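One structure is given here, and the rest of the page talks about it.
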2 protein chains.
Amino acid sequence: MATGTNSLELVVLGLLKEQDMHGYELKKRMTESLGLIMHVSWGSLYPALARLEAKGAVKAVEANPSIPKIPMTGSLGGERAAFRTNVEALRGSRNKKVYGITEIGSALFDEIMNDDGDVDEKSFAIRLAFASHMDPEKRLKMLKDRRDMILEKVRSSRRNFEKKRFILEPYVELVLEHFRSADSSDLAWIEELIRKEESSNPDPNTELLVAREIQDNIKN
Amino acid sequence: MATGTNSLELVVLGLLKEQDMHGYELKKRMTESLGLIMHVSWGSLYPALARLEAKGAVKAVEANPSIPKIPMTGSLGGERAAFRTNVEALRGSRNKKVYGITEIGSALFDEIMNDDGDVDEKSFAIRLAFASHMDPEKRLKMLKDRRDMILEKVRSSRRNFEKKRFILEPYVELVLEHFRSADSSDLAWIEELIRKEESSNPDPNTELLVAREIQDNIKN
DNA sequence: TTCCGTTATATCGGCTTGATATATCGAAAT
DNA sequence: ATTTCGATATATCAAGCCGATATAACGGAA
């Protein structure tokens, strides 16, 4: 049922939740406000919009109702002319196609947000960016899942490092060291977020054991 | 001419430079030693190997010369049998296909390493991991290019933030803040690497201006 | 009036991913 | 001795993403 962790569709729906937009505007908005986190190309944005439209998650809405429709000078017959005019009507003066989110789209947004799949770095960041649309307990679960995932990644990397049967080139060590430190900084950040969420939304299941384990194992 | 920043082929060639390996072993090696940095799937590794083989950059080498070739029990005629046996000969007892790097492959490795294209986060990390195979001045240039790229990214993000015409959701701010801090930590790391490279390989063009500019602009 | 950068949509080839299929090997369990 | 099971090993597929490129209308500056 779940299409997998589709972050692009999530972002599109999330932004359309705020206001109607056309493709170009969506991309502009993404790079302006989320540029540090993600990057989207034309070759994925427009197909994504088409996909969402096909699913009925978004639909084209009236663009420039103020500008009167100028009849085409060329001579197009019957059905085709009607279709053409119909499409033009939804595109405004310039070739814009403004999209709005539908009920289905809203439901899809929630579904993707609450989809527990293994969420990689990037889709986690994006889901977190829209986390205000999430129930608190789901949000907390997402944070903990992510924390556990990083922990496991770091642990497995350490295991591989300890039983290493090969010589690493000097620059590899350098890079690995930096990535390790980046990971523990990520971890610390998420720990902090979890703490905040839990204090604002108290929960009896204290996680002291896990916290202590982290202190022991990851200490940089 | 340049195929773009192809990090997977770079890694494959880089590892084959150390020793002959088959696909499975390559993947194991990648996840074991570079797992923190990158991830590769079967669906890209095997096609990449096939691509490299087609280019003549790698070639199948004898796998298990100790094990004698057992003739097929089935009856295959002429050419096909010969081909079959030929392939089997290069695959050892189990269905392994061990690859080795060629002269062409070595040249390709150098070409990719020295390819000045806009190198994103991940391909930078991978190129740096193999940077011992690079001339010192190229290496330094790569580091500076990367530094400038991050600087520009941070600056443009700041510009967009300052002239922001929209309200960001609270969690977006949270995520952005973390990514900003990650970027300045990346930046500091690269600064440090540049410093080391320059001290071990002194150069008259001091970069004091740039350094001061960074202090002024990025100070977290 | 020309020129040029921005706005705007769309498509293409090549590559990556995650899933799945297939088959052999070796060692442990029954 | 035989089954069972996880590790080894290669390969392919649909779906999606990226970078590049094409097309064209708009709007202001020269």
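Here is how names work: the chains are called A, B, and so on, in the same order as the sequence lines, proteins then strands, and each is numbered from 1. From a predicted model like this one, the values you see are computed outputs, not experimental measurements.
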| note | When B/Tyr99 and B/Asp120 are each assigned the nearest nucleotide of DNA chain D, the 5'-most assignment goes to B/Tyr99
Residues 37-50 of chain B, side-chain donor-acceptor partners within the protein, below 3.5 Å, at least two apart:
| from | atom 1 | to | atom 2 | distance (Å) |
| --- | --- | --- | --- | --- |
| B/Ser41 | OG | B/Ser44 | OG | 3.3 |
| B/Ser44 | OG | B/Ser41 | O | 3.1 |

| field | B/Lys59 charged N/C atom sitting above B/Tyr99 aromatic ring, 6.0 Å / 45° | value | no
| query | Among D/dG16, D/dA9, C/dA19, which nucleotide sits nearest the side chain of A/Arg51? | reply | D/dG16
| Counting just side-chain N and O atoms, does B/Tyr46 come under 4.0 Å of either OP1 or OP2 of D/dT10? | yes
| remark: B/Arg29 meets the salt bridge (Lys or Arg N to Asp or Glu O under 4.0 Å) criterion, sequence neighbours left out, with B/Glu18
| query | Are B/Asp120 and B/Ser123 close enough that a side-chain donor and a side-chain acceptor fall under 3.5 Å? | reply | yes
| Between A/Asn6 and D/dA15, does any side-chain N or O lie under 4.0 Å from OP1 or OP2? | no
| Any side-chain N or O of B/Lys97 less than 4.0 Å from the OP1 or OP2 oxygen of D/dT10? | no
| Rounded to the nearest Å, what distance is computed from the CG atom of residue A/Leu49 to the C1' atom of nucleotide C/dT9? | 10 Å
| said: I need the CZ-C1' distance between A/Arg29 and C/dT7, as an integer number of Å. | reply: 17 Å
| remark: Regarding the side chain of A/His39, the nearest nucleotide among D/dT10, D/dT21, D/dG19 is D/dG19
| query | Listed in order of residue number, which residues of residues 19-26 of chain B have a non-hydrogen atom at under 4.0 Å from DNA chain D? | reply | B/His22, B/Gly23, B/Tyr24
| request: Rounded off to whole Å, could you give me the CG-to-C1' distance for the A/Leu45 and D/dA20 pair? | output: 16 Å
| Atom pair distance, as rounded to whole Å: CD1 in B/Ile126 and P in C/dT16 | 11 Å
| query | Do you know which two heavy atoms are closest between B/Leu10 and B/Arg127, and how far apart they sit? | reply | CD2-CG, 3.6 Å
| said: Side-chain N or O of B/Ser44 versus OP1/OP2 of C/dT17: is the shortest distance under 4.0 Å? | reply: yes
| task | Check whether any side-chain nitrogen or oxygen of B/Lys28 sits under 4.0 Å from OP1 or OP2 of D/dT8, and answer yes or no. | result | yes
| task | Look at the rings of A/Phe124 and A/Trp189 and say which category their plane angle falls in: under 30° parallel, 30 to 60° tilted, over 60° perpendicular. | result | perpendicular
| note | Between CH2 of A/Trp42 and P of D/dA24 the distance, given in whole Å, is 18 Å
| request: May I ask you to establish whether A/Lys17 and A/Phe109 are in a cation-pi arrangement, using a distance under 6.0 Å from NZ or CZ to the six-membered ring centre and at most 45° from the ring axis? | output: yes
| request: Using atom CG of A/Leu10 as one end and atom P of D/dG16 as the other, report the distance to the nearest whole Å. | output: 15 Å
| field | Length of the line joining A/Lys96:NZ and D/dC26:P, which is rounded to integer Å | value | 12 Å
| query | Which sits closer to the 5' end of DNA chain D, B/Asp118 or A/Leu8, going by the nucleotide each is nearest to? | reply | A/Leu8
